[in-house]
Structure formats: C-alpha cells, structure tokens
There are 2 protein chains.
Amino acid sequence: MEKKSIISKITEAGLKKTKYRVNIIDLLEKSNTLLSAQDIHTQLIKNKTKVNLSTVYRTLDKLTENGIINKVDIEQEKQSLYEYNRDEHHHFLICKNCNKIETIYNCPLHDYEQEIMKDSGFYITGHKIEFYGYCKECQKSLNISSL
Amino acid sequence: MEKKSIISKITEAGLKKTKYRVNIIDLLEKSNTLLSAQDIHTQLIKNKTKVNLSTVYRTLDKLTENGIINKVDIEQEKQSLYEYNRDEHHHFLICKNCNKIETIYNCPLHDYEQEIMKDSGFYITGHKIEFYGYCKECQKSLNISSL
DNA sequence: CATGCAAATGCAAACCGTTTGCATTCATAT
DNA sequence: ATATGAATGCAAACGGTTTGCATTTGCATG
C-alpha cells in the first residue's frame, strides 16, 4: 500500500500521523502472517526505528479501536496477534503441530445464525471460528492420512 | 453425580483420589455456569475446604489432561474457564452486554469441514466457535429489536 | 498394619504479556 | 510561531498462571 493511503487511513480516523503508526500499519499490511506486539517491536528495531514496546501496544490498541487493524486472540497463543483489516470475513486454520495459521475466506454460518436466533432468542452480531488440525506439510512429516 | 462415580472417574484416569479432585469435579458437575480457577478456589474456601490456589490450578490441569473437564478460553475473558466434560459437542453464545454465556448443542460445521479439507488440504480435527451478540434479557434492557 | 515411594500439596517467588503513571516530546490547529 | 492536547519513553505495577522446593499424602507392597 502506498504511504499516502496509509496516512489517510490514520487521519480519517482522527488520529495524529506519527512515524510509528505509519510504520506499524505498513508492516501489518505487508505481512502475510499474523504478528504479535513483540514481533512488531522486533521488526521496527531491526528497521532502525527505535521504539518502546509500550508504545507499540498503545499504537496497536488505537489502530484496533479505529478498525484499521484487527486483534486476533488464538486459543493457545499467549500473545495477542494482529493483522491488517482488509474487511473480508475470514477464519483461521491452526496447525496443532507447527502452529502455522492459515486463513479461509468463505464461511457457512450465516444461515445457521438465523436458525439459532429463531430458536434461542439470542441476537447474534458476530462470531469467531477456529479450526484445529494439521497442515499439508505436517500431515506428511507426521504420517497422517487425511482422506 | 454420586460420589462413587466421581471417584471412579478419577481412578480410571490413573490419578490418585484426593479430596480436592473429588470436590472440584463435584463443583463443576453441579455448576450450570463456567467457572474460573478463582471461582472454584473461592467456592472451596466457602465450603470450609482450605486449599491453595496453585493446587486448584494443578488439579484443573490434571483433570483437563485426562478429559474429565474442559478448559474453555473465551476471547475477552482474562481467566480461563472450566466446565465438566459431558461429551456433548457444543458452542457458546456470549452476551456482549452482561457477559452471560449460553450453550448450544447443535453444530452445522461437519459438512463444511469436509469441504475445507478437500479444498485446502488441511486436515481438520476439531473446531471452536464463539457467537457474540445480546441475550434475550439484554435485548430488552438495551432496546435492541432482534428480528 | 507398617512402610516406602511417587505423586500431590502449600507456600512464596517467579513469570510474562500487558498496562499504567508521569514527565517529556511531538503533531497540528490557530 | 506558538499553544495545547495527544503521543511517547521509561520504569514500575498488574494479574493470571506457573514453578521450585520442602512437606504431606495416597496407595501399592510386604
């Protein structure tokens, strides 16, 4: 993503443009994996951007509040993870062996939610699914026959 | 559940029968809500069973490892919660207003999992769903029209 | 019933990801 | 150019959970 549109993301949210916000959005937008606050901190330091870990946390909070990024809490991960928000509903496939996290973009729950609402009276506004299992590579190395 | 069958649960798992294990299983089996380690500790103290919090944690770990209870991590809850394992596949409805957690017992994901496995090559062994929204009572108090 | 051994427990301290209070610096509206 | 509130750095606190170690307990065995 160009720097311009990163900056407009920030200002449109009513936030001040700071180098950390720009850098962190950029990092997340470019990353093809979920990143923890620590990961991001390490990356920034590596890129010669000295920054305090607590600033990273505060930045991530602000960006999450404003819908620019998503905070993702995965069951067995101790650290919260973050991703750039591309406004695409998705869920994660979590490998129990190598801990790799894959993303899937279709979701079958819409009809089912209607059904639950009718049956239970609970008004559903969102959901989260995590699938656990073994990725292609680990199936081979662990000798798991998938189908 | 009678005390006898609690004890056989413990011994069948190859664990020593201790008063804490018996009491904690009993508590969870009787509870109609999920309980945290703290909740359980408080309950035991209230029932005149002096016990250390770290023992509660160790007991819950052991019982979880042996499939007698389930550990449940809910997104915004800081503490892990525990429930007696009734071997019924289920998911939770989490009220964003009062934080009450309801349980639902049917699940539409089986067919969908087959599809994902075929499409992605990822071998799925389990999943977790959380639904967020508003329970019946909170819909009234917050004036949310559900349908 | 006595005994030995591994497992379970209590206690205090550590752990670790995250948050917070406060003084300083910075972004931006005027 | 400047004033003002927001953002940052730093160190310390927080809080749920884990751990090391000395002591106690459950239970298999004789």
Side-chain angles (χ1 to χ4, degrees), chain A residues 3-4 6-25 34-45 47-66 68-82 99, chain B residues 3-4 6-25 34-45 47-66 68-82 99:
Chain A
K3 195 164 177 187
K4 240 196 224 168
I6 292 181
I7 293 173
S8 60
K9 278 253 171 193
I10 295 174
T11 52
E12 277 161 27
L15 298 175
K16 288 188 180 171
K17 184 207 108 198
T18 70
K19 56 179 170 179
Y20 302 135
R21 287 177 182 165
V22 174
N23 284 340
I24 290 177
I25 293 175
L34 298 167
L35 299 177
S36 68
Q38 263 301 348
D39 293 337
I40 291 167
H41 184 246
T42 306
Q43 285 285 342
L44 291 176
I45 299 293
N47 299 350
K48 318 256 192 250
T49 307
K50 189 166 171 289
V51 60
N52 195 275
L53 181 56
S54 67
T55 300
V56 173
Y57 275 109
R58 283 192 271 227
T59 304
L60 291 170
D61 280 353
K62 266 282 183 303
L63 297 179
T64 302
E65 274 170 32
N66 287 281
I68 297 171
I69 64 174
N70 300 322
K71 184 176 184 176
V72 178
D73 289 299
I74 298 281
E75 177 117 355
Q76 55 280 65
E77 297 276 343
K78 290 184 181 176
Q79 303 181 220
S80 290
L81 302 176
Y82 298 85
N99 299 314
Chain B
K3 195 165 177 188
K4 241 196 223 168
I6 293 181
I7 293 173
S8 60
K9 279 254 172 192
I10 295 173
T11 53
E12 277 161 28
L15 298 174
K16 288 187 180 171
K17 184 208 108 199
T18 71
K19 57 179 169 179
Y20 303 134
R21 288 177 181 165
V22 174
N23 284 341
I24 288 176
I25 293 174
L34 298 166
L35 299 177
S36 69
Q38 263 302 348
D39 292 338
I40 290 167
H41 184 246
T42 306
Q43 284 285 341
L44 290 176
I45 299 294
N47 299 350
K48 316 255 193 255
T49 307
K50 188 166 170 290
V51 61
N52 194 277
L53 182 56
S54 66
T55 301
V56 174
Y57 275 108
R58 284 193 270 229
T59 304
L60 291 169
D61 280 353
K62 266 281 182 305
L63 297 179
T64 302
E65 274 170 32
N66 287 281
I68 297 172
I69 65 175
N70 299 322
K71 184 175 182 175
V72 178
D73 289 299
I74 297 281
E75 178 116 354
Q76 53 279 67
E77 297 275 343
K78 291 185 181 176
Q79 303 182 220
S80 290
L81 301 177
Y82 298 85
N99 299 313

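Sequence lines set the chain letters: A, B, ... in the order given, protein chains first and strands last, and positions in each chain run from 1. These numbers come from a predicted model, not from an experiment.
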Rounded to the nearest 0.5 Å, what separation is found between the [atom1] atom of [X] and the [atom2] atom of [Y]?
X     : Y     : atom1 : atom2 : result
A:I68 : A:I10 : CD1   : CD1   : 6.5 Å
B:I45 : B:N52 : CD1   : CG    : 9.0 Å
A:L63 : A:E65 : CG    : CD    : 9.0 Å
B:S36 : B:Q43 : OG    : CD    : 10.0 Å
B:H41 : B:I24 : NE2   : CD1   : 9.5 Å
A:Y20 : A:T55 : OH    : OG1   : 6.5 Å

For DNA chain D, which consecutive runs of 3 or more Watson-Crick or G-U pairs (each distance under 3.5 Å) count as stems?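 For DNA chain D the paired stretches long enough to count as stems (3 pairs minimum) are C:1-30 with D:1-30.
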
Check step by step if side chain to side chain contact (heavy atoms under 4.5 Å, CB included) holds for B:N23 and B:N47. CA-CA 10 Å; B:N23 284 341; B:N47 299 350; over 6 Å; no

Length of the [atom1]-[atom2] vector between [X] and [N], whole Å:
X     : N      : atom1 : atom2 : value
A:I45 : D:dG9  : CD1   : P     : 9 Å
B:I24 : C:dA8  : CD1   : C1'   : 12 Å
B:L53 : C:dA8  : CG    : C1'   : 16 Å
A:K50 : D:dG9  : NZ    : P     : 7 Å
B:N23 : C:dA8  : CG    : P     : 16 Å
A:E65 : C:dT19 : CD    : P     : 11 Å
B:K71 : D:dT18 : NZ    : C1'   : 11 Å
B:L81 : D:dG16 : CG    : C1'   : 12 Å

By nearest atom, which of the nucleotides C:dT20, D:dT19, D:dG16 is closest to the B:Q79 side chain?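 Of the candidates, D:dG16 comes closest.
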
Tell me whether the side-chain N/O atoms of [X] come closer than 4.0 Å to OP1 or OP2 in [N].
X     : N      : result
A:N52 : D:dT8  : no
A:Y20 : C:dC26 : no
B:S80 : D:dT17 : yes

With nearest nucleotide decided by heavy atoms, which residue, B:R21 or A:D73, maps closer to the 5′ end of DNA chain C?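 Result: B:R21.
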
Pull out every residue in residues 55-62 of chain B that has a heavy atom closer than 4.0 Å to any atom of DNA chain C, ordered by number, or say none.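 B:T55, B:R58, B:T59, B:K62, in order of number.
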
Strictly distance-based, threshold 3.5 Å: is any side-chain N or O of A:R21 a donor or acceptor partner for the main-chain N or O of A:K16?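 Confirmed, A:R21 side chain pairs with A:K16 backbone.
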
Closest heavy-atom pair and its distance - B:V51, B:L44: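 Result for this residue pair: CG1-CD1, 3.7 Å.
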
Quick one: closest heavy-atom pair of B:S80 and B:D73, and the distance?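 Shortest heavy-atom contact: OG-OD1, 2.6 Å.
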
Worked verdict on A:K71 versus A:L60 for side chain to side chain contact (heavy atoms under 4.5 Å, CB included): CA-CA 8 Å; A:K71 184 176 184 176; A:L60 291 170; over 6 Å; no

Output the residues of residues 7-19 of chain A in contact with DNA chain D, where contact means a heavy atom of the residue under 4.0 Å from an atom of the strand; sort by number or write none.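 Per residue number, the list reads A:K16, A:T18.
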
